[in-house]
Number of protein chains: 2
Amino acid sequence: MTNRIQTRDPELTRARILDAAEALFVEQGFSAVKLSALARSAEVTKSLIHHHFGSKEQLWEAVKNRAFERYFTAQMAMLEEAGEPDAALLRSSVEAYFHFLRDNPGVVRLFAWTHLEGDSHCGELDNQLVGAGAEWVRQAQMRGLLRQDINPTHVIALFVMTCTQWFEAKCHHQHWPGMGSDEAFLEDFLKIFMEGVTPRV
Amino acid sequence: MTNRIQTRDPELTRARILDAAEALFVEQGFSAVKLSALARSAEVTKSLIHHHFGSKEQLWEAVKNRAFERYFTAQMAMLEEAGEPDAALLRSSVEAYFHFLRDNPGVVRLFAWTHLEGDSHCGELDNQLVGAGAEWVRQAQMRGLLRQDINPTHVIALFVMTCTQWFEAKCHHQHWPGMGSDEAFLEDFLKIFMEGVTPRV
DNA sequence: AACCTAACTGGTCGACCGGTCAATTAAATC
DNA sequence: GATTTAATTGACCGGTCGACCAGTTAGGTT
């Protein structure tokens with residue numbers, strides 16, 4: 001702000017505000033973020049934030065929408081490049097999801113804040129994601145590749161929730177005695193999960 | 001506050017403040033809670049809160065400590081009344097934990113807020129809880145009742161995290177297509193989990 | 001009954017919150 | 001080049017936040 005070239009680029013300004021806001025909201029949650037700190041961080045004036053986004057609440061919505069859209073499209077892409085349903089593909093899907101969350105810690109925290117707010121918006125957004133995944137499981141079940149006495153949606157929910165919670169609550173359980181690394185836990189989870197969902201021979 | 005009998009009971013006052021604070025903190029998180037609203041809810045003056053707890057921050061710590069102590073002792077009691085390690089007992093332990101969280105939604109949210117704060121205090125508190133659980137799994141493994149190629153701590157972590165996330169993110173996934181009730185999900189989770197941790201015959 | 005400690009109150013404080021507004025100015029339109 | 005539009009600024013607002021403090025009073029001690 002001090003010595004910035006006197007040029008105007010509203011798109012860039014919006015982006016800079018969104019980026020700074022996302023960083024702060026991810027870190028501190030909605031209530032704890034002060035617009036003054038955000039303005040400082042984004043190197044714009046407070047008024048400019050209001051000009052572009054109306055209010056703190058609307059900015060929060062914009063941040064969430066952008067982040068969840070990123071999440072959604074990334075997942076959709078992963079889903080579409082998946083091939084025929086079989087156990088090996090389920091395994092690699094879990095790995096892919098786990099690593100996506102590991103590489104996108106911001107979206108994990110954004111999900112957590114949103115859950116606590118009781119905002120079900122993001123949940124509705126991935127209805128089709130889960131629906132497609134569950135359909136995929138259902139097909140594998142019909143072919144006898146997965147055990148058939150389990151609700152397909154629950155299969156999806158189980159690994160999504162496990163991956164999510166692993167990273168959401170990492171500060172909580174990372175110091176538990178005997179707890180292994182990201183990869184070690186994923187490995188053990190997959191052992192249990194894959195053994196649990198495939199039919200006994 | 002308006003027409004309360006002019007008697008003094010500091011213990012009760014502290015308890016009333018703690019109760020009201022817990023309710024508000026659980027609902028809104030630390031930053032969003034206003035001491036004025038808390039004072040109104042607890043039917044005390046703002047000054048009295050400062051008198052008993054010093055600051056908002058210290059009150060937050062007191063609330064967390066009390067709640068996590070309750071959680072800890074409840075879990076410790078459950079653990080102590082457990083008998084010899086075997087698969088059936090693991091199953092009923094998961095059920096007990098799941099139902100404890102279902103019946104104590106406050107502590108689940110408190111955990112979630114605490115995770116987001118990065119406060120590892122509660123995580124350290126249940127080190128011995130997890131340690132005892134993992135030891136219990138280890139014994140079952142040695143007896144051949146559970147498969148031995150899995151980190152015992154990960155077995156505990158997996159079901160703790162799954163139960164926690166189920167209730168933490170309920171608003172998120174409860175509207176997913178095909179999602180079942182609490183009990184239906186628990187049942188399916190146990191099918192996968194128990195099948196995954198017991199050795200193949 | 002005198003005394004003391006601490007529970008409790010009302011009033012108040014400076015800081016700073018989110019938000020507004022009129023004025024300025026860069027850039028797009030004509 | 002004149003005009004319009006909108007990005008941007010700094011000054012400012014009312015409200016209220018957490019905290020503080022001097023004073024009052026109930027309850028226990030001696």
Side-chain angles (χ1 to χ4, degrees), chain A residues 1-66 113-114 117 119, chain B residues 1-66 113-114 117 119:
Chain A
M1 183 144 43
T2 47
N3 47 359
R4 215 165 73 244
I5 38 172
Q6 205 69 325
T7 181
R8 296 187 173 184
D9 188 340
E11 303 268 330
L12 186 88
T13 303
R14 278 184 67 96
R16 197 166 51 230
I17 293 173
L18 276 172
D19 288 340
E22 181 170 327
L24 287 178
F25 282 139
V26 157
E27 185 59 31
Q28 312 171 4
F30 177 75
S31 309
V33 170
K34 325 286 184 191
L35 284 193
S36 55
L38 168 57
R40 210 175 313 123
S41 166
E43 301 186 30
V44 297
T45 56
K46 235 180 4 171
S47 318
L48 204 46
I49 300 172
H50 282 101
H51 173 70
H52 281 293
F53 294 97
S55 71
K56 187 186 174 187
E57 196 100 24
Q58 288 171 283
L59 174 58
W60 173 227
E61 292 298 324
V63 165
K64 286 193 290 186
N65 283 340
R66 193 182 62 153
W113 291 118
T114 309
E117 279 182 349
D119 179 2
Chain B
M1 183 145 45
T2 47
N3 48 357
R4 222 173 60 245
I5 39 172
Q6 205 69 326
T7 181
R8 296 186 173 185
D9 188 341
E11 304 266 330
L12 186 87
T13 303
R14 278 184 66 94
R16 196 166 51 230
I17 294 174
L18 276 172
D19 288 340
E22 180 169 329
L24 287 178
F25 282 139
V26 158
E27 185 59 32
Q28 310 171 4
F30 177 75
S31 309
V33 170
K34 326 283 184 193
L35 285 192
S36 54
L38 168 57
R40 209 177 313 124
S41 167
E43 298 187 35
V44 296
T45 56
K46 241 183 348 174
S47 318
L48 203 47
I49 300 173
H50 282 101
H51 174 70
H52 281 293
F53 295 96
S55 70
K56 186 186 174 187
E57 195 99 25
Q58 287 172 283
L59 174 59
W60 173 226
E61 292 299 322
V63 165
K64 285 193 291 187
N65 283 339
R66 191 182 65 153
W113 291 118
T114 308
E117 281 182 346
D119 181 0

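In what follows, chains carry the letters A, B, and so on, assigned in the order in which the sequence lines appear, proteins first and then strands, with residues in each chain numbered from 1.
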- Task: Taking A/Trp113 for its side chain and A/Phe30 for its backbone only, find out whether a donor-acceptor pair lies under 3.5 Å.
- Result: no
- Query: Is any side-chain N or O of B/Ser47 under 3.5 Å from a base N or O of D/dC20, one able to act as donor and the other as acceptor?
  - Reply: yes
- 5'-most by nearest nucleotide on DNA chain D - B/Ser36 or A/Arg14: A/Arg14
- Message: Is A/Ser55 close enough to C/dG18 that one of its side-chain N or O atoms is under 4.0 Å from OP1 or OP2 there?
- Response: no
- Message: Using 0.5 Å steps for rounding, measure from the CD1 atom of B/Ile17 to the CD atom of B/Glu43.
- Response: 12.0 Å
- Can you tell me the distance, in whole Å, between the CD atom of B/Glu43 and the P atom of C/dC8? 13 Å
- Item | B/His50 side chain, from C-beta outward: closest of C/dG19, C/dG10, D/dG18 | D/dG18
- Task: Report the distance from atom CD1 of B/Ile49 to atom P of D/dC21, rounded to the nearest whole Å.
- Result: 18 Å
- Hey, does the side chain of A/His51 come within less than 4.0 Å of D/dA7's phosphate (OP1/OP2), counting only N and O? yes
- Message: Does D/dT8 have its OP1 or OP2 closer than 4.0 Å to a side-chain nitrogen or oxygen of A/His52?
- Response: yes
- Position toward the 5' end of DNA chain C (nearest nucleotide), B/Lys46 or B/Asp9: B/Asp9
- Query: What distance do B/Phe53 atom CZ and B/Leu38 atom CG have between them, rounded to the nearest 0.5 Å?
  - Reply: 9.0 Å
- In whole angstroms, the gap separating C1' of D/dC17 from CD of B/Glu57 amounts to 15 Å
- Query: Taking the side chain of B/Leu48 as heavy atoms from C-beta outward, which of C/dA27, C/dC8, D/dA19 is closest to it?
  - Reply: C/dC8
- Query: Quick one: is C/dC17 close enough that its OP1 or OP2 comes under 4.0 Å of any side-chain N or O from A/Lys34?
  - Reply: no
- Task: Determine yes or no for a side-chain-to-main-chain donor-acceptor pair under 3.5 angstrom, with A/Thr13 supplying the side chain and A/Asp9 the backbone.
- Result: yes
- Note on the structure: Taken to the nearest whole Å, CD/A/Gln58 to P/C/dG18 is 15 Å
- Query: What nucleotide among D/dA19, C/dC8, C/dG19 has an atom nearest to a side-chain atom of B/Thr13?
  - Reply: C/dC8
- For a side chain to side chain contact (heavy atoms under 4.5 Å, CB included) with B/Trp60, tell me which candidate from B/Lys56, B/Lys64, B/Gln58 qualifies. B/Lys64
- Note on the structure: Taken to the nearest whole Å, CH2/B/Trp60 to C1'/D/dG18 is 17 Å
- d(CD, B/Glu11; P, D/dA26) in whole Å: 20 Å
- Message: Without decimals, in angstroms, what is the distance between A/Ile17 CD1 and D/dT8 P?
- Response: 8 Å
- Task: Starting from C1' on C/dG19, measure out to CZ on A/Phe53 and report it in whole angstrom.
- Result: 16 Å
